[in-house]
There are 2 protein chains.
Amino acid sequence: MALEHAILVSLLERPGSGYELARRFDRSIGYFWAATHQQIYRVLKRMESDGLIGARTVVQQDRPDKKEYSVGPLGRTALSRWLHEPIEPESVRHELAVKIRGAAFDDPAALIQEVERHREAHADRLAHYLAGELRDFTGPEAPAPLEAGQELQHVVLRGGIAYERMTLAWLDDVIATLQRLGPERRRRP
Amino acid sequence: MALEHAILVSLLERPGSGYELARRFDRSIGYFWAATHQQIYRVLKRMESDGLIGARTVVQQDRPDKKEYSVGPLGRTALSRWLHEPIEPESVRHELAVKIRGAAFDDPAALIQEVERHREAHADRLAHYLAGELRDFTGPEAPAPLEAGQELQHVVLRGGIAYERMTLAWLDDVIATLQRLGPERRRRP
DNA sequence: TCCTTCTATGCAACGAGTTGCATAGACAAG
DNA sequence: CTTGTCTATGCAACTCGTTGCATAGAAGGA
């Protein structure tokens, strides 16, 4: 179960509550491992009862109290063990690609709008990543000699940036292809 | 449920049995939508009882009989409806990226082997895609004017090729980064 | 001859992920 | 003054995906 390990990594980078983790999974760590708050709360509860993490209640003014989790020795060991186990190369799940192949049995041109919507979403993500890179790693505000953890966060972010750039170029290719095939070349077997 | 739609697309491209579909999901269509045979059999059964697809038993010599499925009018309508619905841009699940960030709390150098293993797997996939592209789309054996369905299969395959190339370059970046951080820069908070 | 691989289909149990809903106080905008 | 958003946590039901196992005949290699 990789969510467990993603949570361990995130809590080692900085302790936090379920709610805070959920927001991190909407940003930073969620760029390559998505999770909803329900999933996170459920797994946190199990991890606490397994002794991987510990919780302390933080009383707050003007907002509800929270339970701040941090990683215990058992959690550290569990993460270490997982890091030394081999994992399978990812199997991709790309719904849009299914749609593109399916468009052969419908109207290819009708898919252009949808692909453009995706293109915009990826352009936004790329802009977001680039802003984060400048803020945390390459800009004047960033700490000059990065420590190991930051170097590793940076290389992961570079992966996200490369992915978004590649995807944008590909979506342009898709749009051009869909435009070349008009509704007139629609296949009706 | 996108597996259902992936199956509809695959069966429209060519009717086939559950077993044949499972093999297609190990190749071609599985490059962007993975599925095991158990999943496929279960969904085929439901799709048949929902009337989306029809089955006929094909008696075979020297091997077990098979049930060949093909898409009915209801299935075609269902696919069409889905094609016109918007979908969310994919949320990524990249386990290796979690490991890379986690390496900050262990030995970064110990991860190099694992990353190299992934690199090889991606290099193999790229070679496989390129061979398929040559065979089906760009080589001398390929049909000269491609029809719409083939153009669309080709653009999806180009996406796979771009993805693998990008991933290879990124994994090289990751390996170089892990090498720069030795075990001596291990972080022990 | 035995062992493995290929074709072909399927059940059962479990683990992971999604969707909808509920609570509850603070604050801001209309 | 009501509606909506933000912080904060959680249950219940459901769907989806994974793992292990089972059957069974044919073909091919050790």
Side-chain angles (χ1 to χ4, degrees), chain A residues 1-8 15-27 29-30 32-50 53 55-69 82 85 87-95 98, chain B residues 1-7 11 15-27 29-30 32-50 53 55-69 82 85 87-95 98:
Chain A
M1 225 253 301
L3 177 55
E4 198 168 283
H5 302 116
I7 287 176
L8 284 174
S17 69
Y19 186 81
E20 282 161 357
L21 277 172
R23 277 183 313 165
R24 286 186 216 171
F25 275 83
D26 287 337
R27 317 178 334 107
I29 206 149
F32 49 88
W33 199 273
T36 61
H37 79 272
Q38 286 88 347
Q39 248 181 296
I40 291 165
Y41 281 120
R42 203 196 300 145
V43 173
L44 278 174
K45 192 151 284 193
R46 196 191 56 217
M47 289 168 75
E48 194 191 356
S49 80
D50 290 351
I53 55 176
R56 64 185 189 99
T57 300
V58 177
V59 180
Q60 295 186 117
Q61 234 98 50
D62 296 352
R63 55 180 62 181
D65 297 352
K66 64 177 181 181
K67 274 165 79 178
E68 194 179 77
Y69 292 95
W82 176 69
E85 275 167 18
I87 50 172
E88 288 301 302
E90 325 287 323
S91 54
V92 183
R93 290 268 160 100
H94 206 313
E95 212 172 350
V98 179
Chain B
M1 223 254 302
L3 177 55
E4 199 169 284
H5 301 116
I7 288 175
L11 288 179
S17 68
Y19 186 81
E20 282 161 356
L21 279 172
R23 276 183 314 163
R24 287 186 216 170
F25 274 83
D26 287 337
R27 315 177 336 104
I29 206 149
F32 48 88
W33 199 273
T36 62
H37 78 273
Q38 286 88 348
Q39 248 182 298
I40 290 166
Y41 281 120
R42 202 197 302 147
V43 173
L44 278 174
K45 193 151 281 189
R46 196 190 57 216
M47 289 169 75
E48 194 191 355
S49 80
D50 290 349
I53 55 176
R56 66 185 188 96
T57 301
V58 177
V59 180
Q60 295 186 119
Q61 235 97 49
D62 296 350
R63 57 178 65 178
D65 297 353
K66 65 177 180 181
K67 275 166 78 179
E68 194 181 76
Y69 292 95
W82 176 69
E85 275 166 18
I87 50 172
E88 289 301 301
E90 326 287 325
S91 55
V92 184
R93 289 268 161 100
H94 207 315
E95 211 172 350
V98 178

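Residue numbering restarts at 1 for every chain, and letters A, B, ... go by the order of the sequence lines. All values derive from a computational prediction rather than experimental measurement. In what follows, every heavy atom counts, from backbone to side chain, and hydrogens, waters and symmetry copies are set aside.
Using a 4.0 Å cut-off, some side-chain N or O of B:Lys45 falls inside it from OP1 or OP2 of C:dG10. Checking the phosphate oxygens (OP1, OP2) of C:dT9, no side-chain nitrogen or oxygen of B:Tyr19 falls inside 4.0 Å. Contact check, B:Gln60 against C:dA8: a side-chain N or O comes under 4.0 Å of OP1 or OP2. Within the 4.0 Å cut-off from OP1 or OP2 of D:dT7, not a single side-chain nitrogen or oxygen of A:Ser17 is found. Contact check, B:Arg63 against C:dT5: no side-chain N or O comes under 4.0 Å of OP1 or OP2.
Atom OH in A:Tyr69 sits about 13 Å away from atom P in D:dA8, given to the nearest Å. To the nearest angstrom, P of C:dG17 lies 14 Å from CG of A:Leu44. Computed from coordinates, the B:Ile7 CD1 to D:dG17 C1' distance equals 13 Å when rounded to whole Å. Spacing between atom CG of B:Leu3 and atom C1' of D:dG17 amounts to 10 Å, rounded to whole angstrom units. Here C:dG17 presents its C1' atom at 15 Å from CD of A:Glu4, a figure rounded to the nearest Å. Atom C1' of nucleotide D:dT7 and atom CD of A:Gln61 are separated by 15 Å, given to the nearest angstrom. Summarising the geometry, the separation between CZ on B:Arg23 and P on C:dT5 is reported as 17 Å, rounded to the nearest angstrom. What separates CG of A:Asp65 from P of C:dA26 is a distance of 12 Å, to the nearest Å.
Residues forming a side chain to side chain contact (heavy atoms under 4.5 Å, CB included) with B:Arg63 (at least two apart in sequence, or on another chain): B:Gln60. Considering only residues two or more places apart in sequence or on other chains, A:Thr36 meets the side chain to side chain contact (heavy atoms under 4.5 Å, CB included) condition with A:Gln38, A:Gln39. Residues satisfying the salt bridge (charged side-chain N to carboxylate O under 4.0 Å, His left out) test with A:Glu95, not counting sequence neighbours, are none. For the side chain to side chain contact (heavy atoms under 4.5 Å, CB included) test, no residue two or more places apart in sequence or in another chain qualifies with B:Asp26. Applying the ring-ring contact (aromatic ring centres under 6.0 Å, His included) criterion to B:Tyr41, with sequence neighbours excluded, gives B:His37. With sequence neighbours excluded, the residues satisfying salt bridge (charged side-chain N to carboxylate O under 4.0 Å, His left out) with B:Glu20 are B:Lys66. Qualifying side chain to side chain donor-acceptor pair (under 3.5 Å) partners for B:Arg93, counting only residues two or more places apart in sequence or in other chains: none. With sequence neighbours excluded, no residue forms a side chain to side chain contact (heavy atoms under 4.5 Å, CB included) with B:Ser49. Residues forming a ring-ring contact (aromatic ring centres under 6.0 Å, His included) with B:Trp82 (at least two apart in sequence, or on another chain): B:His5.
Checked against C:dA16, D:dC11, C:dT7, the side chain of B:Pro64 finds its nearest nucleotide in C:dT7. Residue A:Arg93 has its side chain nearest to D:dG17 when only D:dG17, C:dC11, D:dA8 are considered.
An angle of 30°, rounded to 10°, separates the two end axes of the helix from C:dT1-D:dA30 to C:dG30-D:dC1, each defined over five pairs.
One distance of note links CD1 of A:Ile40 with CD1 of A:Ile7; it measures 5.5 Å at 0.5 Å rounding.
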N/O-N/O pairs, protein side and nucleotides 2-5 of chain D side, under 3.5 Å:
none

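Among all heavy-atom pairs drawn from A:Ala55 and A:Lys67, the shortest one is CB-CE, 4.2 Å.
Residues from residues 33-42 of chain B placing a heavy atom under 4.0 Å of any atom in DNA chain D, listed by number, are B:Gln38, B:Gln39, B:Arg42.
Counting heavy-atom neighbours within 6.0 Å of B:Glu88 CD, excluding the residue itself, gives a total of 12 or less.
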